[in-house]
There are 2 protein chains.
Amino acid sequence: MRSGTLQALLWRRALEPHLGRWSLPGGRLRHDEDVETSIRRQLAEKVDLRKLKHVEQLAVFSTPDRVPGPRVVATAFLGLVPSDVEPTVPEDTSWHTVEQLPRTAFDHGSITLRARERLRSKLSYTNIGFALAPDLFTISALRDLYSAALGYRVSATNLQRVLTRRGALATTGETVPPGRSGGRPAALFTFAEHGMQVTDPFAAFRPPSTR
Amino acid sequence: MRSGTLQALLWRRALEPHLGRWSLPGGRLRHDEDVETSIRRQLAEKVDLRKLKHVEQLAVFSTPDRVPGPRVVATAFLGLVPSDVEPTVPEDTSWHTVEQLPRTAFDHGSITLRARERLRSKLSYTNIGFALAPDLFTISALRDLYSAALGYRVSATNLQRVLTRRGALATTGETVPPGRSGGRPAALFTFAEHGMQVTDPFAAFRPPSTR
DNA sequence: GCAAAAGTGTTTTAGATACACCCATGA
DNA sequence: TCATGGGTGTATCTAAAACACTTTTGC
């Protein structure tokens, strides 16, 4: 994610079919690796992306004709990279705003939209923001990340309170000086846990309280 | 599900490896079908189960040594059958309480537990109860189903209110006479929608209200 | 009449939103 | 001293849980 929008990393296909179209990075599963190891390897080898803070399975896409030629079953993943990773990606690879994806190869467009959907729901009931944010961040920076991912303006006030009440945020004591236009220095926060945790397990039907 | 517990349909393996152990029904994917079509076909052919009210992907299990011999990648599903389906299953197939599963083949025990986890969360924020209940049911019958699936006693009062407020329940006007021990006749309800719907989309971070 | 089961009314609690206000800084 | 952005205090809203109470039946 960069510049206030949610972005997906795509690369241009160098082979038929769908030569020249944008596609999600990936490749064949080896016999000695599981699917998560495989996708991490592919991202490292093919697009030099090693700093994923979170990787999770999305779904299997298996319609027989989803790819021309011999049948290909794909396990799709959602992988998240913090907003401060250097954007150096290889030639023929680039980040694309999810709101206006280019024409993609195969079903990669709908896979991307499903990934966004998954991210959006997890932002609500987990601490998954840790995977989008740098290690240290101000609340307004975090607000921008959440707003971009969710597609609507999030209130910084409430974001801070909700995440704090849930124990997801930790204060560092450090601050950042204001810009030219002034304003109070912003405090720097961290996520308390690294690794996804469900922070709001019972949206309803909670077990009876034990008091 | 039957008799107040959550149950899984397992069949005894007739072949090595793990001959005689209980395993989840399934089989190889054909070239002309997607994974959901495939699992529905296997359930129909192998264990004569055709009345699934809901089927959804769980996850891919792909650890290289999860099955002895040549590598097998499995796409696991959660499939739900209403409580009133006749329990006629073939020889060597039977329903097992998930709380005390027998020794299973391969990783089928952990797959089953993951399925239960998925079901439990979806009971909270969707109308997925429709897939566990008969077409017509009393609130106390529904309460028993929810209680068995969730593993704790659900209040009939609050269950009715929550599902009603969310628009998931519909009244039918019909009632059921009480048993020998008396009591007020119970009203029969239906689920308003057949097909899973998210009924509580925003556990948090709802978009600003448009008023 | 009384026990049993179903269902409703009402209070309480918890987690979130909304919004007014105070704080710390640059120019 | 004033505009600006950061942060807190407090009221309000909403969904759910908790529980007292009423309804309708069998015996």
Side-chain angles (χ1 to χ4, degrees), chain A residues 121 123-127 136-144 146-147 150 152-189 198-211, chain B residues 123-127 129 136-144 146-147 150 152-189 198-211:
Chain A
S121 16
L123 282 170
S124 281
Y125 66 91
T126 72
N127 65 345
L136 295 181
F137 50 86
T138 63
I139 294 297
S140 57
L142 190 65
R143 183 256 293 270
D144 290 343
Y146 273 71
S147 300
L150 290 170
Y152 56 84
R153 193 94 188 128
V154 169
S155 143
T157 298
N158 293 331
L159 180 64
Q160 175 179 3
R161 271 209 268 245
V162 167
L163 294 180
T164 299
R165 176 179 26 236
R166 292 178 177 180
L169 283 188
T171 54
T172 63
E174 294 174 71
T175 60
V176 157
R180 278 180 304 289
S181 55
R184 176 171 170 175
L188 284 172
F189 291 81
V198 172
T199 51
D200 182 23
F202 300 107
F205 302 133
R206 324 171 198 189
S209 68
T210 45
R211 272 175 297 140
Chain B
L123 282 171
S124 281
Y125 66 93
T126 73
N127 66 344
L136 296 182
F137 51 86
T138 64
I139 293 297
S140 57
L142 190 65
R143 183 255 293 270
D144 291 343
Y146 273 71
S147 300
L150 290 170
Y152 57 84
R153 194 95 187 126
V154 169
S155 143
T157 297
N158 292 331
L159 180 64
Q160 176 179 3
R161 270 209 267 246
V162 167
L163 294 180
T164 300
R165 178 181 22 238
R166 292 180 176 179
L169 285 186
T171 54
T172 63
E174 294 175 70
T175 60
V176 157
R180 279 180 305 290
S181 56
R184 175 170 170 177
L188 284 172
F189 291 81
V198 172
T199 51
D200 182 22
F202 300 107
F205 301 133
R206 322 173 199 187
S209 68
T210 45
R211 273 176 294 140

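Chain letters run A, B, ... following the sequence lines, proteins first and then strands; every chain starts at 1.
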Student: Using a cut-off of strictly less than 4.0 Å, decide whether A/R165 has a side-chain nitrogen or oxygen near OP1 or OP2 of C/dA16.
Tutor: yes

Student: Let me know the distance between CG of B/L169 and C1' of C/dG7, rounded to the nearest Å.
Tutor: 14 Å

Student: Rounded to the nearest Å, what distance is computed from the CZ atom of residue A/R153 to the C1' atom of nucleotide C/dT17?
Tutor: 16 Å

Student: With sugar-phosphate meaning primed atoms plus P, OP1 and OP2, does B/A187 contact a base, only sugar-phosphate, or nothing at under 4.0 Å between heavy atoms?
Tutor: sugar-phosphate

Student: Take the protein atom CG of A/N158 and the nucleotide atom P of D/dT10, then report the distance between them rounded to whole Å.
Tutor: 16 Å

Student: Quick one: which of C/dA6, D/dT24, D/dG26 gets closest to the side chain of B/P178?
Tutor: D/dG26

Student: Side-chain donor or acceptor of A/R161 under 3.5 Å from a matching atom on the base of D/dT10?
Tutor: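 Donor-acceptor pair under 3.5 Å: yes.
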
Student: In whole angstroms, how far is the P atom of C/dA5 from the CG atom of B/D144?
Tutor: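 Spelled out: CG on B/D144 to P on C/dA5 is 12 Å.
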
Student: Who pairs with A/S140 by side-chain contact (heavy atoms from CB on, under 4.5 Å), at least two apart in sequence or on another chain?
Tutor: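 Residues passing side-chain contact (heavy atoms from CB on, under 4.5 Å) with A/S140: A/T138.
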
Student: Considering every strand and a 4.0 Å limit on heavy-atom distances, what is the contact class for B/T157: base, sugar-phosphate, or nothing?
Tutor: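 Base contact - B/T157 has a heavy atom under 4.0 Å of at least one base atom.
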
Student: Find out whether B/F189 and B/L142 are in side-chain contact, i.e. whether some heavy atom of one side chain is under 4.5 Å from a heavy atom of the other.
Tutor: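 Contact flag for B/F189/B/L142 side chains = no.
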
Student: Ignoring hydrogens and angles, does a donor from either the side chain of A/R166 or the base of C/dG15 sit under 3.5 Å from an acceptor on the other?
Tutor: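 No.
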
Student: Between B/S181 and D/dG26, is there a side-chain N or O to OP1/OP2 distance below 4.0 Å?
Tutor: no

Student: Counting just side-chain N and O atoms, does B/Q160 come under 4.0 Å of either OP1 or OP2 of C/dA6?
Tutor: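 Result: no.
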
Student: Nearest whole angstrom, please: distance from the P of C/dA6 to the CD of B/E174.
Tutor: 17 Å

Student: Consider the side chain of B/V162, meaning its heavy atoms from C-beta on, and name the nucleotide among C/dA16, D/dA16, D/dA18 that approaches it most closely.
Tutor: D/dA16

Student: Considering the options B/V176, B/D144, B/L169, which one meets the side chain to side chain contact (heavy atoms under 4.5 Å, CB included) requirement together with B/F137?
Tutor: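 With B/F137 as partner, side chain to side chain contact (heavy atoms under 4.5 Å, CB included) holds for just one option, B/L169.
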
Student: Just the rounded figure in Å: distance from P of C/dA5 to CG of B/L188.
Tutor: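 One finds 18 Å between P of C/dA5 and CG of B/L188, rounded.
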
Student: Both B/R184 and A/G179 contact DNA chain C. Which one's nearest nucleotide lies toward the 5' end?
Tutor: B/R184

Student: Quick check on DNA chain C: between B/F189 and A/P177, whose nearest nucleotide comes earlier from the 5' end?
Tutor: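 In this pair, the answer is B/F189.
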
Student: Estimate the overall bend of the helix from C/dG1-D/dC27 to C/dA27-D/dT1 from the end axes over five pairs each, rounded to 10 degrees.
Tutor: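 Axis-to-axis angle, ends of the helix: 20°.
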
